[in-house]
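Just so it is clear, the structure is predicted and the values come from calculations on it, not from any experiment. Quick note on labels: first sequence line is chain A, next is B, and so on, each numbered from 1.
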Number of protein chains: 2
Amino acid sequence: MKEIYLANDTSFGCPVEATTSLIGKKWVPSILMILNQKPHRFGELQTALSGCSKKVLKQQLNLLITNGLISNSKVTIANMVESTYQLTTTGESLMPIVLAMKTWGKQHLICQRKLA
Amino acid sequence: MKEIYLANDTSFGCPVEATTSLIGKKWVPSILMILNQKPHRFGELQTALSGCSKKVLKQQLNLLITNGLISNSKVTIANMVESTYQLTTTGESLMPIVLAMKTWGKQHLICQRKLA
DNA sequence: TAAATTAGGTACTTTTTAGTTACCACCTGG
DNA sequence: CCAGGTGGTAACTAAAAAGTACCTAATTTA
């Protein structure tokens with residue numbers, strides 16, 4: 001259970017690194033952008049992020065929960081366990097940055113898929 | 001020489017991922033912030049980023065050059081080779097995002113150095 | 001000529017992150 | 001009781017990123 005944490009004993013040299021250690025995870029930006037639309041269930045996220053394994057998805061969701069960017073509510077309605085993930089206020093506060101990164105990427109990196 | 005490239009055959013699912021593949025590197029944000037102050041020589045960067053090995057520093061500088069965020073000019077003055085790195089216009093255009101990440105990190109992650 | 005400085009390169013190892021596969025627990029309808 | 005869906009865990013493997021140690025080359029000064 002140690003891989004889900006943002007930081008262990010190693011402190012970050014600067015706050016950007018701390019932020020990067022969150023959004024630098026492979027699926028985190030995508031997760032955030034999906035949850036920015038509306039809360040999603042685990043299965044829905046899995047479908048939306050085809051290519052991301054259950055394990056990694058859960059791992060990165062845990063990372064986001066641990067750092068207060070998203071929250072999880074489990075409701076055992078009639079038939080099934082509904083496990084829903086949604087952005088917290090803190091998570092929402094990160095969205096402008098994520099979206100700025102998206103815009104920047106669109107403008108500057110579009111043609112760099114196959115270098116060398 | 002293949003690890004210095006932003007992308008190989010794998011295309012990114014979304015532009016945020018492309019941006020992340022740049023600033024998600026451990027020392028890249030710090031390098032950018034240092035170069036945002038003024039151009040630096042290789043040795044100066046090394047001193048400023050104590051903890052970053054030569055190899056990784058060079059690797060990440062190359063990554064930034066390949067993607068047009070910084071440029072390198074070598075001048076062989078009287079005594080020594082001066083190899084100077086500076087931000088390009090594109091590199092400068094990324095700074096607002098990096099600085100926003102820094103601000104966000106300061107506000108939200110300051111006390112999360114030792115979780116669990 | 002030898003030492004020191006500056007900017008690199010290369011081989012190898014370790015650490016971190018991601019992916020695969022298989023499994024468990026809970027609940028429900030038949 | 002059994003199949004099927006939902007959410008999750010554990011063990012293991014693979015790939016990517018970072019770190020270590022040692023090497024080259026040009027030049028300048030003692």
### Message
Using a 4.0 Å heavy-atom cut-off, does Lys74(B) contact any base of the nucleic acid, only the sugar-phosphate backbone, or nothing at all?
### Response
sugar-phosphate

### Message
Classify Ser83(B) by what it touches in the nucleic acid, base, sugar-phosphate, or nothing, heavy-atom distance under 4.0 Å.
### Response
sugar-phosphate

### Query
Is any side-chain N or O of Lys58(B) under 3.5 Å from a base N or O of dG8(C), one able to act as donor and the other as acceptor?
no

#### Entry: Distance below 4.0 Å between Lys55(A) side-chain N/O and dT21(C) OP1 or OP2
no

### Tyr85(B) vs dA7(C): side-chain N/O to OP1/OP2 distance below 4.0 Å
no

With rounding to the nearest 0.5 Å, note down the distance linking [atom1] in [X] to [atom2] in [Y].
X: Ile70(A); Y: Ile65(A); atom1: CD1; atom2: CD1; answer: 4.5 Å
X: Lys26(A); Y: Glu17(B); atom1: NZ; atom2: CD; answer: 7.5 Å
X: Leu32(A); Y: Glu92(A); atom1: CG; atom2: CD; answer: 11.0 Å
X: His108(B); Y: Thr90(A); atom1: NE2; atom2: OG1; answer: 5.0 Å

Out of [options], which has the shortest distance to the side chain of [X]?
X: Lys54(B); options: dG19(C), dG8(C), dT17(C); result: dG8(C)
X: Ser53(A); options: dG19(D), dA18(C), dT20(C); result: dT20(C)
X: Lys25(B); options: dA17(D), dA18(C), dG8(D); result: dA17(D)

### Neighbours of DNA chain D within residues 29-44 of chain A, by heavy-atom distance under 4.0 Å
Arg41(A), Phe42(A), Gly43(A)

Round to the nearest Å and state the distance from [X] atom [atom1] to [N] atom [atom2].
X: Lys26(A); N: dA16(D); atom1: NZ; atom2: C1'; value: 10 Å
X: Glu17(A); N: dA17(D); atom1: CD; atom2: C1'; value: 14 Å
X: Gln46(B); N: dT5(C); atom1: CD; atom2: C1'; value: 12 Å
X: Leu61(A); N: dT9(D); atom1: CG; atom2: P; value: 11 Å
X: Gln59(A); N: dT20(C); atom1: CD; atom2: C1'; value: 13 Å
X: Glu82(B); N: dT27(D); atom1: CD; atom2: P; value: 15 Å
X: Gln60(B); N: dG9(C); atom1: CD; atom2: C1'; value: 17 Å
X: Leu57(A); N: dT20(C); atom1: CG; atom2: C1'; value: 15 Å

### Query
Which one of Gln60(A), Lys58(A), Gln59(A) satisfies the side chain to side chain donor-acceptor pair (under 3.5 Å) criterion with Asn62(A)?
Lys58(A)

### Task
Walk me through it: do Ser83(A) and Asn72(A) pass the test side chain to side chain donor-acceptor pair (under 3.5 Å)?
CA-CA 7 Å; Ser83(A) 183; Asn72(A) 170 242; 3.0 Å; yes

Exercise answer: donor-acceptor pairs, residues 44-53 of chain A side-chain atoms, under 3.5 Å, sequence neighbours excluded:
from: Glu44(A); atom 1: OE1; to: Arg41(A); atom 2: N; distance (Å): 2.7
from: Thr47(A); atom 1: OG1; to: Gly43(A); atom 2: O; distance (Å): 2.9
from: Ser53(A); atom 1: OG; to: Val56(A); atom 2: N; distance (Å): 3.3

